[in-house]
Amino acid sequence: DAKTTQPPSMDCAEGRAANLPCNHSTISGNEYVYWYRQIHSQGPQYIIHGLKNNETNEMASLIITEDRKSSTLILPHATLRDTAVYYCIVSLTNTGNQFYFGTGTSLTVIP
Amino acid sequence: EAGVVQSPRYKIIEKKQPVAFWCNPISGHNTLYWYRQNLGQGPELLIRYENEEAVDDSQLPKDRFSAERLKGVDSTLKIQPAELGDSAVYLCASLGRGTEAFFGQGTRLTVV
(Lines give C-alpha, C1' and ligand atoms only; values in the text may rest on other atoms or scores of the structure.)
Protein backbone atom coordinates (compact mmCIF):
# COMPACT_ATOMS: atom_id res chain seq x y z
CA ASP A 1 0.00 0.00 0.00
CA ALA A 2 1.12 3.53 -0.76
CA LYS A 3 2.49 5.33 2.29
CA THR A 4 2.60 8.84 0.89
CA THR A 5 0.16 11.73 0.58
CA GLN A 6 0.35 14.22 -2.26
CA PRO A 7 -1.95 17.01 -3.47
CA PRO A 8 -3.94 15.78 -6.46
CA SER A 9 -3.06 18.70 -8.71
CA MET A 10 -0.91 21.82 -8.99
CA ASP A 11 -0.25 24.56 -11.51
CA CYS A 12 3.03 26.32 -12.15
CA ALA A 13 3.96 29.19 -14.48
CA GLU A 14 6.50 28.36 -17.15
CA GLY A 15 10.00 29.39 -16.10
CA ARG A 16 9.15 29.42 -12.42
CA ALA A 17 10.14 26.84 -9.85
CA ALA A 18 7.67 24.03 -9.25
CA ASN A 19 7.60 22.79 -5.67
CA LEU A 20 5.79 19.50 -5.23
CA PRO A 21 5.17 18.41 -1.63
CA CYS A 22 4.86 14.90 -0.26
CA ASN A 23 3.97 13.67 3.20
CA HIS A 24 5.34 10.35 4.39
CA SER A 25 4.81 10.57 8.13
CA THR A 26 5.11 6.81 8.71
CA ILE A 27 8.44 6.45 6.92
CA SER A 28 10.89 4.22 8.73
CA GLY A 29 14.55 4.95 9.22
CA ASN A 30 15.76 2.73 6.41
CA GLU A 31 13.23 3.73 3.77
CA TYR A 32 14.20 5.89 0.84
CA VAL A 33 12.10 8.58 -0.83
CA TYR A 34 11.81 8.21 -4.60
CA TRP A 35 10.22 10.49 -7.18
CA TYR A 36 8.97 9.38 -10.57
CA ARG A 37 6.94 11.22 -13.16
CA GLN A 38 4.62 10.02 -15.89
CA ILE A 39 3.95 12.01 -19.00
CA HIS A 40 0.71 11.21 -20.76
CA SER A 41 0.70 7.83 -22.52
CA GLN A 42 4.21 6.97 -21.39
CA GLY A 43 5.64 4.79 -18.65
CA PRO A 44 6.88 6.40 -15.42
CA GLN A 45 10.34 7.96 -15.49
CA TYR A 46 12.76 8.11 -12.58
CA ILE A 47 13.64 11.60 -11.33
CA ILE A 48 15.56 11.41 -8.08
CA HIS A 49 15.75 9.66 -4.73
CA GLY A 50 17.23 10.23 -1.27
CA LEU A 51 17.44 8.96 2.29
CA LYS A 52 18.25 11.83 4.64
CA ASN A 53 20.26 14.45 2.82
CA ASN A 54 19.03 16.78 0.17
CA GLU A 55 19.83 15.64 -3.33
CA THR A 56 20.23 17.39 -6.67
CA ASN A 57 20.66 16.13 -10.19
CA GLU A 58 20.21 17.52 -13.67
CA MET A 59 16.46 17.17 -13.48
CA ALA A 60 15.47 18.28 -9.99
CA SER A 61 16.28 18.80 -6.34
CA LEU A 62 14.89 16.79 -3.45
CA ILE A 63 14.53 18.41 -0.06
CA ILE A 64 13.82 16.03 2.85
CA THR A 65 12.86 17.48 6.23
CA GLU A 66 15.03 16.68 9.20
CA ASP A 67 12.39 14.40 10.72
CA ARG A 68 11.97 12.76 7.28
CA LYS A 69 8.20 12.96 7.51
CA SER A 70 7.89 15.06 4.38
CA SER A 71 9.80 16.06 1.30
CA THR A 72 9.61 18.47 -1.60
CA LEU A 73 10.57 17.92 -5.20
CA ILE A 74 11.78 21.10 -6.86
CA LEU A 75 11.87 21.64 -10.61
CA PRO A 76 13.92 24.85 -10.72
CA HIS A 77 12.70 26.24 -14.05
CA ALA A 78 9.54 24.47 -15.14
CA THR A 79 8.90 24.05 -18.86
CA LEU A 80 5.79 22.93 -20.68
CA ARG A 81 7.40 19.50 -21.08
CA ASP A 82 7.36 19.10 -17.30
CA THR A 83 3.57 18.78 -17.37
CA ALA A 84 3.04 15.28 -15.97
CA VAL A 85 1.87 13.28 -12.97
CA TYR A 86 4.54 13.18 -10.26
CA TYR A 87 4.69 10.25 -7.86
CA CYS A 88 6.37 10.27 -4.47
CA ILE A 89 7.22 6.76 -3.28
CA VAL A 90 8.88 5.32 -0.21
CA SER A 91 11.02 2.28 -0.80
CA LEU A 92 12.61 -0.11 1.61
CA THR A 93 15.81 -0.43 -0.35
CA ASN A 94 18.32 1.79 -2.02
CA THR A 95 17.78 -0.17 -5.18
CA GLY A 96 14.10 0.68 -5.17
CA ASN A 97 13.12 -2.90 -5.74
CA GLN A 98 10.17 -2.63 -3.41
CA PHE A 99 8.00 0.33 -4.22
CA TYR A 100 4.34 1.09 -4.57
CA PHE A 101 2.82 4.08 -6.34
CA GLY A 102 0.09 6.32 -4.94
CA THR A 103 -2.13 8.58 -7.01
CA GLY A 104 0.47 11.31 -7.48
CA THR A 105 0.24 15.03 -8.23
CA SER A 106 -0.83 16.20 -11.65
CA LEU A 107 1.38 19.18 -12.45
CA THR A 108 0.31 21.56 -15.21
CA VAL A 109 2.86 24.08 -16.41
CA ILE A 110 1.09 27.12 -17.76
CA PRO A 111 2.60 29.24 -20.56
CA GLU B 1 20.86 0.79 -25.43
CA ALA B 2 17.30 -0.35 -26.01
CA GLY B 3 14.83 0.33 -23.25
CA VAL B 4 12.13 -1.94 -21.90
CA VAL B 5 10.13 -3.25 -24.83
CA GLN B 6 6.50 -4.24 -24.49
CA SER B 7 4.11 -5.66 -27.02
CA PRO B 8 1.52 -5.26 -28.20
CA ARG B 9 1.07 -1.55 -27.69
CA TYR B 10 -2.70 -1.81 -27.86
CA LYS B 11 -5.08 -4.75 -27.57
CA ILE B 12 -8.85 -4.96 -27.87
CA ILE B 13 -10.56 -8.21 -26.97
CA GLU B 14 -14.01 -9.45 -26.10
CA LYS B 15 -14.74 -10.44 -22.53
CA LYS B 16 -14.05 -14.07 -21.63
CA GLN B 17 -11.27 -14.24 -24.20
CA PRO B 18 -7.62 -14.83 -23.22
CA VAL B 19 -4.91 -12.23 -23.72
CA ALA B 20 -1.15 -12.15 -23.25
CA PHE B 21 1.35 -9.35 -22.90
CA TRP B 22 5.04 -9.65 -23.54
CA CYS B 23 7.95 -7.76 -21.98
CA ASN B 24 11.62 -7.68 -22.90
CA PRO B 25 13.56 -5.98 -20.11
CA ILE B 26 16.83 -4.13 -20.44
CA SER B 27 19.69 -6.56 -20.96
CA GLY B 28 21.26 -7.63 -17.70
CA HIS B 29 18.41 -6.44 -15.49
CA ASN B 30 17.55 -9.14 -13.00
CA THR B 31 14.47 -7.52 -11.49
CA LEU B 32 11.30 -7.34 -13.53
CA TYR B 33 7.93 -5.88 -12.55
CA TRP B 34 4.43 -5.99 -13.95
CA TYR B 35 2.10 -3.16 -13.01
CA ARG B 36 -1.52 -2.43 -13.87
CA GLN B 37 -2.65 1.17 -14.20
CA ASN B 38 -6.30 2.11 -14.25
CA LEU B 39 -7.38 5.44 -15.68
CA GLY B 40 -6.54 8.29 -13.32
CA GLN B 41 -4.73 6.03 -10.87
CA GLY B 42 -1.12 5.28 -10.12
CA PRO B 43 0.44 2.00 -11.24
CA GLU B 44 -0.47 -0.98 -9.07
CA LEU B 45 2.17 -3.66 -8.60
CA LEU B 46 1.04 -7.09 -9.78
CA ILE B 47 4.22 -9.14 -9.56
CA ARG B 48 7.95 -8.75 -9.11
CA TYR B 49 10.58 -11.16 -10.35
CA GLU B 50 14.16 -11.58 -9.25
CA ASN B 51 15.63 -13.51 -12.18
CA GLU B 52 13.13 -16.30 -12.83
CA GLU B 53 11.67 -16.32 -9.32
CA ALA B 54 8.45 -14.49 -8.49
CA VAL B 55 9.33 -12.91 -5.13
CA ASP B 56 6.24 -10.73 -4.72
CA ASP B 57 2.97 -11.81 -6.33
CA SER B 58 0.64 -10.93 -3.49
CA GLN B 59 -1.33 -8.48 -5.63
CA LEU B 60 -1.72 -10.79 -8.63
CA PRO B 61 -5.33 -12.06 -9.01
CA LYS B 62 -4.36 -15.68 -9.34
CA ASP B 63 -7.74 -16.95 -10.43
CA ARG B 64 -7.35 -15.42 -13.87
CA PHE B 65 -3.90 -13.87 -14.05
CA SER B 66 -0.64 -15.72 -14.54
CA ALA B 67 2.89 -14.66 -15.33
CA GLU B 68 6.11 -16.36 -16.22
CA ARG B 69 9.74 -15.52 -16.70
CA LEU B 70 11.17 -18.89 -17.54
CA LYS B 71 14.76 -18.00 -18.39
CA GLY B 72 14.98 -14.94 -16.22
CA VAL B 73 14.85 -12.60 -19.21
CA ASP B 74 11.61 -12.05 -21.12
CA SER B 75 8.31 -12.23 -19.31
CA THR B 76 4.71 -12.87 -20.27
CA LEU B 77 1.60 -11.80 -18.38
CA LYS B 78 -1.61 -13.63 -19.21
CA ILE B 79 -5.26 -13.07 -18.39
CA GLN B 80 -7.73 -15.88 -18.94
CA PRO B 81 -10.58 -15.20 -19.15
CA ALA B 82 -10.57 -11.42 -19.44
CA GLU B 83 -13.29 -9.36 -17.75
CA LEU B 84 -14.51 -5.85 -18.49
CA GLY B 85 -12.77 -4.58 -15.34
CA ASP B 86 -9.40 -5.72 -16.67
CA SER B 87 -9.33 -2.80 -19.10
CA ALA B 88 -6.21 -0.86 -18.13
CA VAL B 89 -2.64 -0.14 -19.11
CA TYR B 90 -0.23 -2.94 -18.21
CA LEU B 91 3.28 -1.70 -17.55
CA CYS B 92 6.50 -3.64 -17.38
CA ALA B 93 9.63 -2.32 -15.70
CA SER B 94 13.11 -3.63 -15.06
CA LEU B 95 15.84 -2.82 -12.58
CA GLY B 96 19.52 -3.61 -12.75
CA ARG B 97 22.14 -3.01 -10.10
CA GLY B 98 21.42 0.68 -9.98
CA THR B 99 18.68 2.59 -8.27
CA GLU B 100 16.51 3.50 -11.24
CA ALA B 101 13.76 1.28 -12.57
CA PHE B 102 13.04 1.68 -16.27
CA PHE B 103 9.50 1.38 -17.57
CA GLY B 104 8.17 0.33 -20.92
CA GLN B 105 5.49 2.20 -22.84
CA GLY B 106 2.83 -0.18 -21.63
CA THR B 107 0.09 -2.19 -23.29
CA ARG B 108 -3.33 -0.60 -23.31
CA LEU B 109 -5.95 -3.33 -22.96
CA THR B 110 -9.59 -2.72 -23.77
CA VAL B 111 -12.07 -5.46 -22.95
CA VAL B 112 -15.44 -5.08 -24.69
Side-chain angles (χ1 to χ4, degrees), chain A residues 1-9 20 22-24 30-53 55-60 62 73 84-108, chain B residues 2-10 21 23-26 28-51 53-60 77 88-110:
Chain A
D1 292 333
K3 296 185 284 187
T4 62
T5 304
Q6 299 177 253
S9 63
L20 292 90
C22 179
N23 287 321
H24 29 79
N30 56 350
E31 287 184 312
Y32 291 76
V33 179
Y34 274 76
W35 283 83
Y36 276 75
R37 74 178 182 184
Q38 188 173 25
I39 297 171
H40 183 62
S41 297
Q42 297 184 20
Q45 174 193 23
Y46 167 85
I47 302 173
I48 199 168
H49 79 288
L51 181 62
K52 296 180 180 179
N53 299 322
E55 302 287 344
T56 295
N57 62 21
E58 65 278 5
M59 291 182 67
L62 173 60
L73 179 74
V85 177
Y86 288 76
Y87 295 99
C88 170
I89 303 160
V90 294
S91 173
L92 192 60
T93 69
N94 185 39
T95 57
N97 64 350
Q98 291 178 310
F99 54 85
Y100 299 87
F101 288 79
T103 54
T105 295
S106 178
L107 174 69
T108 302
Chain B
V4 177
V5 179
Q6 291 187 246
S7 68
R9 188 80 170 89
Y10 303 93
F21 315 123
C23 173
N24 185 14
I26 292 174
H29 281 195
N30 295 330
T31 305
L32 183 145
Y33 311 82
W34 281 103
Y35 285 86
R36 175 173 60 189
Q37 186 170 27
N38 293 311
L39 188 64
Q41 301 294 315
E44 171 195 10
L45 180 66
L46 293 175
I47 190 168
R48 173 169 66 94
Y49 282 94
E50 296 291 343
N51 298 303
E53 182 182 1
V55 297
D56 184 357
D57 64 354
S58 58
Q59 302 301 313
L60 189 72
L77 178 68
V89 175
Y90 291 84
L91 293 162
C92 178
S94 71
L95 175 70
R97 294 183 178 180
T99 59
E100 176 182 353
F102 292 85
F103 283 78
Q105 295 266 54
T107 296
R108 181 176 297 276
L109 173 67
T110 303

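Sequence lines set the chain letters: A, B, ... in the order given, protein chains first and strands last, and positions in each chain run from 1.
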Requested in this report: Using distance alone, with no hydrogens and no angle criterion, decide if A:Arg37 and A:Tyr86 have a side-chain donor and acceptor under 3.5 Å apart.
Outcome: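 There is such a pair between these side chains.
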Query raised in the report: Of the backbone (N, CA, C, O) and the side chain (C-beta and beyond), which part of B:Tyr35 lies under 4.5 Å from a heavy atom of chain A, both, or neither?
Result: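 Interface part for B:Tyr35: side chain.
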Report task. Side chain from CB out, backbone as N, CA, C, O: work out which of these in B:Glu44 comes under 4.5 Å of a heavy atom of chain A, or both, or neither. Result ->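 Neither; nothing under 4.5 Å.
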Report task. Verify, without hydrogens or angle tests, whether B:Glu50 (side chain) and B:Ala54 (backbone) share a donor-acceptor contact under 3.5 angstrom. Result ->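 The answer is no, because no donor-acceptor pair under 3.5 Å joins these two groups.
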Report task. Examine A:Tyr87 together with A:Tyr36 and report whether their ring centres are nearer than 6.0 Å. Result ->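 No.
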Query raised in the report: Do A:Lys3 and A:His24 come close enough that some side-chain heavy atom pair is under 4.5 Å?
Result: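 No. Closest side-chain heavy atoms not under 4.5 Å.
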Requested in this report: For chain A, find which of B:Pro43, B:Gly106, B:Ala93, B:Gly40 contributes the most heavy-atom pairs closer than 4.5 angstrom.
Outcome: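 Sorted descending by pairs with chain A, the first entry is B:Pro43.
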